[in-house]
Amino acid sequence: MEQYVIKGGNPLVGEVDISGAKNAALPIIAAAIMTDETVYIDNLPDVTDIHALLTAIESVGAVVTRIDRHSVRINGSQVRDYLIDGEHIRRIRASYYLLGALLGKLHKAEVALPGGCNIGLRPIDQHLKGFRGLGATAEVSYGHVVASADRLVGGHIYLDVVSVGATMNIILAAVMAEGTTIIENAAKEPHIVDLANFLNSCGASIRGAGTDVVRIRGVQHLHGTEYTIIPDQIEAGTYMFGAAITKGDIVVRNVIPKHLESITAKLVEIGCEVEESDDCVRVVSSKPLRRTNAKTLPYPGFPTDMQPQMTVALGLAQGTSIVTESLFENRFKYVDELIKMGANIKVEGNSAIIDGISEYQGADLSSPDLRAGAALVLAALAADGFSTIDNIQYIERGYEDFHIKLQSLGAHIDRVDSEKEATRYKFEIVS
Ligand code: EPZ
């Protein structure tokens, strides 16, 4: 079984390049099949969720030409099938973007209920409400979501909860509908703006993305384009917190600092120095970390996808901190793993109460989901002694070359596929 083996204690120091944003690339890949012309996309992250979605669009007839690790050509002119199923697709959450894309293109879509990280209940009622608001029928039937429409007609849709996925899915379904669609209480994440920019570059007419009211004037068809995905704000934030947690000094390159404001603000609050330039952010952690409180919120609030990294940092801060998770009810599963490392954390309801300790101790750990897995790696990098982390397939869903980038920052980490290899690595590091 693949695992990371880590010897803690080295501060992360150096420069790291951030890859394209997974959560922007996924809806954009789905959107790419909506036009019959060829689309070129680059700055795709080389992570398993992207590969799974590319395979899924091939299964309904899209022609995907992989140009290099980070760029593809997609031609959706032969997309006729509307059924998305299979083991690989059930594992990724973003399969649901194919509902909006296929409904918009073919007026019919059937997708196996999405999987993804197990971070709590993940309803899709707002997606279905949105499709219905455009005149479609949309139901869950025998484990599949089925949506269809004779005509898609623009509508006024008010989201009951701010949902990234529902906002994107409604944009996809509405982009070629008749008339104008208005989404109110829309999510404002940078990846929503990126999807809208991509579709607009294909001839769509979407205004207001990045605010809570998005207006989509339906167009008759979309054309080809060339598009570069934005940098991954969560990957960037993970390395920024890596500097904080390991007492390091990291320049995180190829980022949009504006997208990182809530992360930067928290790092400053806990005692790090953060310097921003055009497309880089430097984080220096030279003083003891200070306590604070944090609550996850939709963008521009502090992201739920940074909650575990924040908790790991506060686990080493002086005093008592409270981290409150307001989006997903099951996102503290990693706390049990941190407790194995000596952390002093109690979870009560949707809050973690953290009494900082001076150092984590190495332990054998298991990654419960993507972001928690990455956070445990950061804890292990700061810990005294060796740690192993298994279930790293979660981490590889969303972090390109995670252990390689960390090695380039001076981390003692390797990816091994047997206990024997882990022992060999430990022996090499010690001698
Ligand atoms: C996206 O998930 C991301 N996934 C998640 O990242 C991220 O944590 C989340 O947005 C929040 O930023 C992808 O982009 C593939 P939501 P999504 O719909 O779209 C409730 C990662 O690590 N809700 O914004 O599924 C829901 O329960 C992943 O990369 C409904 O009630 O999240 C939650 O409380 C993990 N009904 C809140 O809204 C719905 O129909 C926000 O969920 C939809 C959502």
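Since this is a predicted model, take the numbers as computed values, not measurements. First listed ligand is number 1; within each ligand, the first listed atom is number 1. Basis for what follows: all heavy atoms, side chains included, without hydrogens, waters or symmetry-related copies.
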Would you mind finding which of Val161, Thr167, Asp305, Leu370 brings a heavy atom closest to atom 38 (O) of ligand 1?
->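 Answer by nearest heavy atom: Val161.
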Using heavy-atom distances, let me know which of Ser163, Ala374, Pro303 sits nearest atom 18 (O) of ligand 1.
->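 It is Ser163 that holds the nearest heavy atom.
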Taking a cutoff of less than 4.0 Å between a non-hydrogen atom of the residue and any ligand atom, is [X] in contact with ligand 1?
| X | answer |
| --- | --- |
| Tyr299 | no |
| Asp369 | no |
| Met168 | no |
| Ala166 | no |
| Met306 | no |

Which atoms of ligand 1 sit under 4.0 Å from any heavy atom of [X]?
| X | value |
| --- | --- |
| Leu327 | 33 (C), 34 (O), 41 (C) |
| Lys22 | 21 (C), 29 (O) |
| Gly165 | 18 (O), 19 (O) |
| Arg331 | 8 (O), 22 (O), 35 (C) |
| Arg93 | 25 (O) |

At a non-hydrogen distance cut-off of under 4.0 Å, which region of [X] contacts ligand 1 (side chain, backbone, both, or neither)?
| X | value |
| --- | --- |
| Gln126 | both |
| Tyr394 | neither |
| Val162 | backbone |

Please say which of Gln78, His223, Lys105 ends up in a side chain to side chain donor-acceptor pair (under 3.5 Å) with Asp36.
->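 Between Asp36 and the candidates, side chain to side chain donor-acceptor pair (under 3.5 Å) is satisfied uniquely by Lys105.
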Sole candidate of Asn43, Asp42, Asn197 that passes side chain to side chain donor-acceptor pair (under 3.5 Å) when paired with Thr228 |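 Going through the options one by one, the only one that passes is Asp42.
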Is there a side-chain contact between Ile392 and Ile395, using heavy atoms and a 4.5 Å cut-off?
->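 Yes - at least one pair of side-chain heavy atoms lies under 4.5 Å apart.
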If we only count heavy atoms from C-beta on, is the Asp279 to Asn254 side-chain gap below 4.5 Å?
->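 Asp279 does not reach Asn254 side chain to side chain.
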Using the side-chain contact (heavy atoms from CB on, under 4.5 Å) definition, which of the options [options] pairs with [X]?
| X | options | value |
| --- | --- | --- |
| Thr246 | Asn10, Leu381, Leu378 | Leu381 |
| Asn185 | Ile157, Val213, Val162, Thr167 | Val162 |
| Ile29 | Val39, Leu44, Ile229 | Leu44 |

Output yes when the distance from some N or O of ligand 1 to some N or O of [X] is under 3.5 Å, and no in every other case.
| X | answer |
| --- | --- |
| His191 | no |
| Pro123 | yes |
| Thr304 | no |
| Leu26 | no |

For [Y], does its backbone N or O pair with a side-chain atom of [X] as donor and acceptor, under 3.5 Å?
| X | Y | value |
| --- | --- | --- |
| Arg93 | Arg122 | yes |
| His107 | Asp150 | yes |
| Gln126 | Leu128 | no |
| Asp414 | Val416 | no |

Arg415/Glu396 ion pair, N-O < 4.0 Å |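 Looking at Glu396 together with Arg415, the answer is yes, because their closest N to O distance falls below 4.0 Å.
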